[in-house]
Amino acid sequence: MSQPACSHEGLISLDQALASYASVNILPVINIPLINAHQHILAEDVISPVELPLFDQSAVDGYALRQADIDAGITHFELVGEIRAGFSQQVELNPGQALRIFTGGQLPACANTVARQEIVEREEHHIKLMQTIDAGTDIRYRGEELAKGTILARQGQALNSGLIAALSMAGVQQVKVHHQPNIAVLITGDEVRKERDNDAQVFDANGPLISSWLKERGLSDITLQHVPDEPEVLKNMLNQAFSQHDLVITTGGVSVGDYDLIRPISMQLGAQQIFWQVAQKPGKPLYFASYQKAQTGQQGYLLGLPGNPAAVLIGLHLHLTTLLSCLQHKQNAQPQWQAGLFTGHLNPDSRERLLRMHMHVSPQGQVILKSLDKQQSHMLSNLASANVLVRVPAHQQINEHTTLHFLPIL
Ligand SMILES: Nc1nc2c(c(=O)[nH]1)N[C@H]1C(S)=C(S)[C@@H](COP(=O)(O)OP(=O)(O)OC[C@H]3O[C@@H](n4cnc5c(N)ncnc54)[C@H](O)[C@@H]3O)O[C@H]1N2
Ligand code: MOO
């Protein structure tokens with residue numbers, strides 16, 4: 001979706017910032033057991049090694065019969081055996097004979113229809129068919145869902161639980177996926193504390209926000225540390241983070257204050273700025289840079305998020321999501337905006353805004369976006385009601401029923 005060019009000198013637009021993540025180096029491909037691949041991104045199409053279903057089988061608990069007997073008017077059958085799911089057996093049926101069969105049981109070649117037990121009266125070793133059935137009733141045929149060689153999943157898809165089940169059902173045991181980045185999170189700010197010991201300190205929001213956000217997305221190779229605003233300490237910790245990690249995320253210290261040290265120190269350590277300052281609200285001072293990992297010489301990336309917690313929230317849902325998608329070559333890596341009708345009024349602002357709102361679908365099927373209070377970048381209390389981030393173009397008066405674009409934030 002294109003947006004008007006940004007009027008803030010030196011700032012890049014949100015769309016330009018998001019587009020720039022497409023130039024990152026894609027992480028290596030690894031071959032891992034399917035069961036460990038939850039939320040990894042597939043590096044190649046997955047082809048089914050088998051046809052599904054694997055064999056002709058009964059869809060119900062009932063009786064396997066020969067259609068020729070039914071066509072000949074036979075209604076009483078002698079039971080000559082039993083077929084349970086998971087047991088393969090060679091059997092033959094003579095005219096007037098039937099087999100007890102259970103759901104998922106392999107249909108023998110001699111039978112070609114199944115009577116579910118609800119339409120049968122049973123007496124010891126005999127059954128009486130109470131209604132006629134067609135050939136092929138309640139049978140799941142071999143290969144009816146898919147042929148061997150069918151594409152089960154595409155390169156760039158994320159392996160969610162459903163897809164893992166679909167691949168597992170076709171006997172896929174190993175998959176080629178992109179390595180997930182190992183991530184160092186550095187929470188800066190002398191004032192940020194778990195326990196406050198003076199009244200100028202704040203409780204940490206960004207550490208818990210980032211660590212739980214990453215966990216929700218299946219990223220587990222994470223280290224999180226708090227860093228004081230002391231140049232030498234920050235330099236050491238950033239240097240260590242750069243040496244071992246594919247991705248370093250920092251919060252705070254990227255604005256223009258005397259203690260905003262992330263940019264200058266990262267550059268002293270050899271990082272190359274890709275951009276700094278985005279025409280978005282909140283989160284304007286966002287910083288993106290690349291560095292060489294000392295251990296391997298590979299490229300790593302630094303996402304410097306502004307300290308205000310709402311700026312971090314936007315940084316995660318828009319910037320980090322897009323960056324992670326690009327690093328792992330995910331399909332549709334750019335945000336997939338959806339449209340809804342805004343209720344309320346918003347005055348123009350010089351920066352493009354990302355507002356937390358509540359989205360619901362009306363009984364008439366309209367997607368309705370309702371504005372929430374407490375939108376400033378140091379406030380998070382409206383997250384109990386917000387389920388979307390809505391982008392509001394700069395310099396525009398937004399009136400009732402304006403169409404706006406949003407992303408879910410759940
Ligand atoms: N003269 C200017 N000042 C500021 C500008 C500017 O353009 N000119 N930009 C403002 C904007 S916009 C933002 S956003 C902030 C971002 O600044 P920093 O990234 O340097 O962040 P800090 O100053 O370190 O912190 C900002 C704010 O957030 C609180 N904070 C920080 N970390 C946490 C945490 N882990 N949990 C909870 N709260 C946290 C911190 O105490 C500050 O109140 O700069 C503006 N200033
Ligand atoms: O960009 Mo800041 O987050 O507006 O306060």
Side-chain angles (χ1 to χ4, degrees), residues 6-14 17-18 184-214 222-231 233-234 237-238 248-267 271 273 275-289 302-320 346-356 374-383 386 389-392 394 409:
C6 155
S7 63
H8 290 255
E9 215 169 307
L11 275 61
I12 66 169
S13 72
L14 173 59
L18 296 174
V185 181
L186 300 182
I187 306 295
T188 72
D190 285 337
E191 76 281 24
V192 178
R193 296 296 161 108
K194 271 194 198 139
E195 309 284 340
R196 294 168 77 228
D197 52 38
N198 77 47
D199 59 12
Q201 297 171 339
V202 297
F203 293 120
D204 182 17
N206 298 338
L209 172 57
I210 296 178
S211 59
S212 49
W213 190 94
L214 292 171
I222 310 295
T223 58
L224 186 143
Q225 290 172 293
H226 286 80
V227 189
D229 294 321
E230 286 167 34
V233 181
L234 175 61
M237 291 175 83
L238 205 52
V248 178
I249 302 168
T250 59
T251 69
V254 281
S255 188
V256 291
D258 297 346
Y259 296 93
D260 292 338
L261 301 168
I262 296 290
R263 278 181 75 240
I265 289 181
S266 72
M267 287 177 187
Q273 176 172 312
F275 63 77
W276 179 48
Q277 297 190 315
V278 182
Q280 62 174 37
K281 186 177 180 175
K284 180 183 84 171
L286 194 134
Y287 171 54
F288 184 50
L302 167 62
L303 188 66
L305 301 175
N308 276 316
V312 174
L313 186 86
I314 273 60
L316 297 180
H317 285 280
L318 279 172
H319 294 268
L320 183 57
L346 292 171
N347 290 326
D349 194 287
S350 61
R351 265 189 283 166
E352 176 167 12
R353 279 167 293 174
L354 292 142
L355 299 182
R356 292 155 266 165
K374 319 287 183 199
Q375 291 286 348
Q376 290 177 55
S377 64
H378 60 290
M379 299 176 172
L380 289 184
S381 58
N382 64 10
L383 289 183
L389 278 183
V390 179
R391 82 186 288 188
V392 179
I409 56 168

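Here the structure is a predicted model, which means the values were calculated and not measured. Atoms within each ligand, like the ligands themselves, are counted from 1 in listed order.
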Inset, instruction - Give the minimum heavy-atom separation between Ser255 and Trp276, together with the two atoms involved. - result: O-CZ2, 4.0 Å
Inset, instruction - Give a yes or no on this: more than 12 heavy atoms of other residues, nucleotides or ligands lie within 6.0 Å of atom CG of Asp258. - result: no
Legend entry - Closest approach of any protein heavy atom to atom 34 (C) of ligand 1, naming residue and atom: Asn206 ND2, 3.2 Å
Legend entry - Ligand-residue contact atoms, ligand 1 with Ile187, heavy atoms, under 4.0 Å: 35 (N)
Legend entry - Per-atom contacts of ligand 1 with Pro309, taking only distances under 4.0 Å to non-hydrogen atoms: 37 (C), 38 (N)
Legend entry - CA sep, side-chain torsions, deciding dist, call: Leu346, Leu355, side-chain contact (heavy atoms from CB on, under 4.5 Å): CA-CA 11 Å; Leu346 292 171; Leu355 299 182; 3.7 Å; yes
Inset, instruction - Consider every N or O of Gly253 and every N or O of ligand 1, then say whether any pair is closer than 3.5 Å. - result: yes
Legend entry - Those atoms of ligand 1 less than 4.0 Å from some heavy atom in Phe203: 36 (N), 37 (C)
Inset, instruction - Look up atom CG in Leu302 and atom CG in Leu238, then write down how far apart they are to the nearest 0.5 Å. - result: 6.5 Å
Inset, instruction - State the CE-OG1 distance between Met237 and Thr223, to the nearest 0.5 angstrom. - result: 9.0 Å
Legend entry - Between CG on residue Asp229 and CD1 on residue Ile262, distance to nearest 0.5 Å: 8.5 Å
Legend entry - contact_flag Gly189 ligand 1 heavy-atom lt 4.0 Å: no
Inset, instruction - Select one of side chain, backbone, both or neither to describe which atoms of Pro285 lie under 4.0 Å from any atom of ligand 1, heavy atoms only. - result: side chain
Inset, instruction - Of all the heavy-atom pairs spanning Ala279 and Leu11, show the shortest one and how long it is. - result: CA-CD2, 3.7 Å
Legend entry - Atom indices of ligand 1 within 4.0 angstrom of Asp260 heavy atoms, with elements: 20 (O)
Inset, instruction - Taking only heavy atoms of Pro306 into account, list the atoms of ligand 1 that are under 4.0 Å away from them. - result: 14 (S), 16 (C), 19 (O)
Legend entry - Considering all heavy atoms, the nearest Asn198-Ala200 contact: OD1-N, 2.6 Å
Legend entry - For atom 42 (C) of ligand 1, the protein heavy atom that lies nearest, with its residue and separation: Glu191 OE2, 4.0 Å
Inset, instruction - Output the distance between atom CD1 (Ile249) and atom CG (Leu303), rounded to the nearest 0.5 Å. - result: 6.5 Å
Inset, instruction - Answer with yes or no whether Gln376 contacts ligand 2, where contact means a heavy atom under 4.0 Å from a ligand atom. - result: no
Inset, instruction - Show which atoms of ligand 2 fall inside a sub-4.0 Å distance from at least one heavy-atom site of Lys284. - result: 1 (O)
Legend entry - For atom 5 (O) of ligand 2, the option (of Gly307, Ser377, Gly283, Pro285) bearing the nearest heavy atom: Ser377
Inset, instruction - For the residue pair Leu383 and Ile409, establish whether any side-chain heavy-atom pair is separated by less than 4.5 Å. - result: yes
Inset, instruction - Looking only at distances, please establish whether an N/O atom of ligand 1 is found under 3.5 Å from an N/O atom of Ser255. - result: yes
Legend entry - Numbered atoms of ligand 2 (with element) below 4.0 Å of Ala311, judged on heavy atoms: 3 (O)
Legend entry - N/O separation below 3.5 Å, Arg351 to ligand 1: no
Inset, instruction - For ligand 2, indicate whether the residue Gln277 contacts it via side chain, backbone, both or neither (heavy-atom separation under 4.0 Å). - result: neither
Legend entry - Val256 and ligand 1 - part of the residue with a heavy-atom distance under 4.0 Å: side chain
Inset, instruction - Decide whether an N or O pair under 3.5 Å exists between Lys281 and ligand 2. - result: no
Legend entry - Lys284-ligand 1 polar pair, N/O distance under 3.5 Å: yes
Inset, instruction - Would you give the length of the straight line joining atom CG of Leu313 to atom CG of Leu354, rounded to the nearest 0.5 angstrom? - result: 10.0 Å
Inset, instruction - Identify, by atom number and element, the atoms of ligand 2 in contact range of Asn308, meaning under 4.0 Å from any of its heavy atoms. - result: 5 (O)
Inset, instruction - Taking the side chain as every heavy atom from C-beta outward, state whether Leu318 and Arg391 have any pair of such atoms under 4.5 Å apart. - result: no
Legend entry - Heavy-atom pair with the smallest gap, counting every atom of Thr188 and Gly252: OG1-C, 3.4 Å
Inset, instruction - Please round to the nearest 0.5 Å and tell me the distance separating atom CG of Asn308 and atom CG of Leu380. - result: 9.5 Å
Inset, instruction - Among all protein heavy atoms, pick the one closest to atom 36 (N) of ligand 1 and tell me residue, atom and distance. - result: Ala205 N, 2.9 Å
Legend entry - Val254: numbered ligand 1 atoms lying under 4.0 Å from its heavy atoms: 18 (P), 19 (O), 20 (O)
Inset, instruction - With heavy atoms of Val192 as the reference, note each atom of ligand 1 found under 4.0 Å away. - result: 32 (N), 33 (C), 34 (C), 35 (N)
Legend entry - Shortest non-hydrogen contact from Leu316 toward Trp213: O-CZ2, 3.2 Å
Legend entry - Under 3.5 Å: N/O of Gly307 near N/O of ligand 1: yes
Legend entry - Numbered atoms of ligand 1 (with element) below 4.0 Å of Asn308, judged on heavy atoms: 13 (C), 14 (S), 15 (C), 26 (C), 27 (C), 28 (O)
Legend entry - Contact partition for Asp204 relative to ligand 1, non-hydrogen atoms under 4.0 Å: both
Legend entry - Smallest separation among heavy atoms of Pro309 and Leu209, with atom names: O-CD2, 4.0 Å
